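For reference, the structure discussed in these notes is given below.
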Number of protein chains: 2
Amino acid sequence: MARRKPDPTDPGTRPTLKRLALAVGVHASTVSRALDPQRSTVVAPAVVARVRAAAERMGYRPDPVARSLRTRRSHLIGVLVPDIANPVFSPIIGGIAEALAQADYALVVADGGTDGNRQSDMAERLIAQRIDGLILATASRRDDLVERCRARGLPVVLVNRASDDARLAAIVSDDAGGMALVVAHLAALGHRRIGHLAGPAAISTGYLRRSGFEAALSAHGLENDPRRIEAASAYTRAAGAAAAEALLARCPEITAIAAANDLLALGALEAVRARGLLCPGDISVTGHNDMPHVDLVDPPLTTVRIEHREMGQRAARAVLAAIDAKDAAAPAAQTVKLAPTLVVRASSGAPRDLNA
Amino acid sequence: MARRKPDPTDPGTRPTLKRLALAVGVHASTVSRALDPQRSTVVAPAVVARVRAAAERMGYRPDPVARSLRTRRSHLIGVLVPDIANPVFSPIIGGIAEALAQADYALVVADGGTDGNRQSDMAERLIAQRIDGLILATASRRDDLVERCRARGLPVVLVNRASDDARLAAIVSDDAGGMALVVAHLAALGHRRIGHLAGPAAISTGYLRRSGFEAALSAHGLENDPRRIEAASAYTRAAGAAAAEALLARCPEITAIAAANDLLALGALEAVRARGLLCPGDISVTGHNDMPHVDLVDPPLTTVRIEHREMGQRAARAVLAAIDAKDAAAPAAQTVKLAPTLVVRASSGAPRDLNA
DNA sequence: CAAGTGTCTGCAATCGATTGCAGTATGACC
DNA sequence: GGTCATACTGCAATCGATTGCAGACACTTG
């Protein structure tokens, strides 16, 4: 039979503030103040010492639930990703986790999938958990989920993908710049007819990499034929293979395919092989992201490296800053563009017409 | 100037139980009961309907923090992984997240690294967050962290890696069985001198796959020479490459390397190539895990497929069951072994002596 | 010696929900 | 018409911490 009314003097259970106070012989409020570095100045040094010693001895840990209830701070940050199993998001989450741990925040992860409704639902749940801030890796270019969070005053930071609304803090890679690197590289190799495997236009990376690609073509004086651009329905290998197949069938004259993403590029490699073509002998293929182990595929993939881990760390710091700023009523939303670098491997080479 | 005492009748802020009660004209406790399907039977149906309608209209969501404080349930499950960025853990986490979401639980992820102290520290933080259960993907074979959690009465489930203590619930793959599949495959191809790239012996997967390998050799009447086993210092490509290099230098007679893990196998491929050997012409290489995209490396990797996503789902269901069981005082710790399957690709072939 | 000034500490309310217990109304039944 | 079971509903305590306010005490100063 469990006792009805747990006795605060009873040891054996996890010590509470009240028990600690009883042990030291002061009031709970004094203990609370003594344990908080900020407020401990108003408590007599001798008392602070006794309280701290007792807390140490009894192994007191304040209950975060009770504290949250009172302070309205959960020290929890929510992260919504479209697909946890996507290798691109792993290092981002890792970076976030690392930066948050340093600030004594914990990370609640939710997998929202690619379906907008489910994403909203998961976000609602995260918010219901009273998270202090939200990091979204799911944002589409016009995202009302983002808008709703902002309206509620919840600090939100986008990561990897941006929204069209520039008022929102976002940590992204310079997508257009990355494509410029790719096109410059291919052009330098001698390619003049380059195809593009675009990502979904509703996602900033898909849109920006495509427009970056087109701008770079012009910058290099290359023809920008819209027929040479094929958009994949999703960022998956299968979608990449299908789109590449279509592209190769329609425009057999192209000598290179610049994909918007490594997964699409891997799919493109499959399509190239399926057509009996060689990469890079017949067709060069490039990716974007430098996912782990794409250096080991056949052929090793030329791609654009993005520092995903750093991206995650920055995003975490940005939410924390936004939370502080909210207290100080000094909002400072800002988009940070990280500079990507080109990683040249064996999937890109001279065009076949130069080989002849 | 913010008002001192927030008025519970004030709309505009998130509705609370009290506001809802006020709106409906009943006491808060009645609302609480009406909203809980379990207890709503004791409330007049008409009232239940009115309360539900009002809750819907005002968009009432109970505050999980306040509820947790009272019920001592956070509806949070902690997951500790050694490395979020490791592609093997992504699908596990995905599976966990999926299963938990269905049960209205959320997922707190922490990256504990491979350092035992840091792992303990992160686990402590998770526990301090008042998680209801813990899923550990970090367990070493003798792990006092696990023991401490058990001692506190916190439901713990191990995933992917088991501890030697069979009293603990663990969802793992049949590691020995997986190696048996590999050895059978290689033996059928004609290999008689097979090397093993073992994982860390302190981790169950490393230990069990090694002993499974040795047992399988004996079962096939093949010589089990301990010199042909080289343990990698960690589950990384670099460690795999180093260990494979040592193994190849010491035992040039082997015609195949069965690695304990895909990352080690990828490292082995690098070492093979570095020695100017061909895979599978000179040396067959096999992995374990069937990580995403190992079908695209050069050569496509023969490996053992583990259903990581299902493993995660099962682990999640197991913690939830353990939580319920704790209430019912009916502990039911159990180790579940999932059956792996062999995936034959191009990195394994006939031994070179048969080619001659 | 009275008044004033700090310095510390305690009181009690509060965050938002849950729940054992007690009270009230309703209807049934004799 | 009175008694009693039954069905609802309200009261108030509780979870464990934080915090505005005020009281207590010592010490300085005019």
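Nothing here was measured: the structure is a model prediction, and the numbers come from that model. Residue numbering restarts at 1 for every chain, and letters A, B, ... go by the order of the sequence lines.
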In whole Å, I'd like the distance from the [atom1] atom of [X] to the [atom2] atom of [N].
X	N	atom1	atom2	result
B:Arg39	C:dC21	CZ	C1'	13 Å
A:Leu35	C:dT9	CG	P	14 Å
A:Leu17	C:dG10	CG	C1'	13 Å
A:Leu22	C:dG10	CG	C1'	14 Å
B:Asp36	C:dA17	CG	C1'	12 Å

Would you indicate, yes or no, if D:dA17 has its OP1 or OP2 atom less than 4.0 angstrom from a side-chain nitrogen or oxygen of A:Tyr60?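 Checking D:dA17 against A:Tyr60, a side-chain N or O does come within under 4.0 Å of OP1 or OP2.
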
Side-chain N or O of B:Ser32 closer than 4.0 Å to phosphate OP1/OP2 of C:dA17: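 No, outside the criterion.
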
Side chain to side chain donor-acceptor pair (under 3.5 Å) with B:Ser29: which residues, sequence neighbours excluded? B:His27, B:Arg33

Please report the closest heavy-atom contact between A:Val81 and A:Thr138, naming both atoms and the distance.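 Closest approach of A:Val81 to A:Thr138: C-CG2, 3.4 Å.
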
Going by salt bridge (charged side-chain N to carboxylate O under 4.0 Å, His left out), name the residues that satisfy it together with A:Asp63, two or more places apart in sequence or in a different chain.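 Counting only residues at least two positions away or on another chain, A:Asp63 forms a salt bridge (charged side-chain N to carboxylate O under 4.0 Å, His left out) with B:Arg72, B:Arg130.
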
Heteroatom pairs (N/O) under 3.5 angstrom, protein to nucleotides 7-10 of chain D:
unit_1	atom_1	unit_2	atom_2	d
D:dT9	OP2	B:Ala44	N	2.9
D:dG10	OP2	B:His27	N	2.8
D:dG10	OP2	B:Thr30	OG1	2.8
D:dG10	N7	B:Arg33	NH2	2.9
D:dG10	O6	B:Arg33	NH1	3.4
D:dG10	O6	B:Arg33	NH2	3.2

Residue pairs fulfilling ring pair (Phe, Tyr, Trp, His ring centres under 6.0 Å) with at least one residue in residues 94-148 of chain A, sequence neighbours excluded: A:His75-A:Tyr105

Residue pairs meeting side chain to side chain donor-acceptor pair (under 3.5 Å), one or both in residues 36-58 of chain B, sequence neighbours left out, come to none

Among residues 62-71 of chain A, which contact DNA chain C at a heavy-atom distance under 4.0 Å?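 Of all residues in residues 62-71 of chain A, the ones placing a heavy atom under 4.0 Å from DNA chain C are A:Leu69, A:Arg70.
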
Are the side chains of A:Arg61 and A:Pro15 in contact, using a 4.5 Å heavy-atom criterion?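 In short, these two side chains do not touch, never coming nearer than 4.5 Å.
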
Report yes if some heavy atom in the side chain of B:Ile96 is under 4.5 Å from a heavy atom in the side chain of B:Leu107; otherwise report no.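 The answer is yes, as the side chains (C-beta and beyond) meet within the 4.5 Å cut-off.
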
Apply the test side chain to side chain donor-acceptor pair (under 3.5 Å) to residues B:Ser74 and B:Ser68: give CA-CA distance (whole Å), side-chain angles for both, the deciding distance (0.1 Å), then the verdict. CA-CA 5 Å; B:Ser74 64; B:Ser68 299; 5.6 Å; no

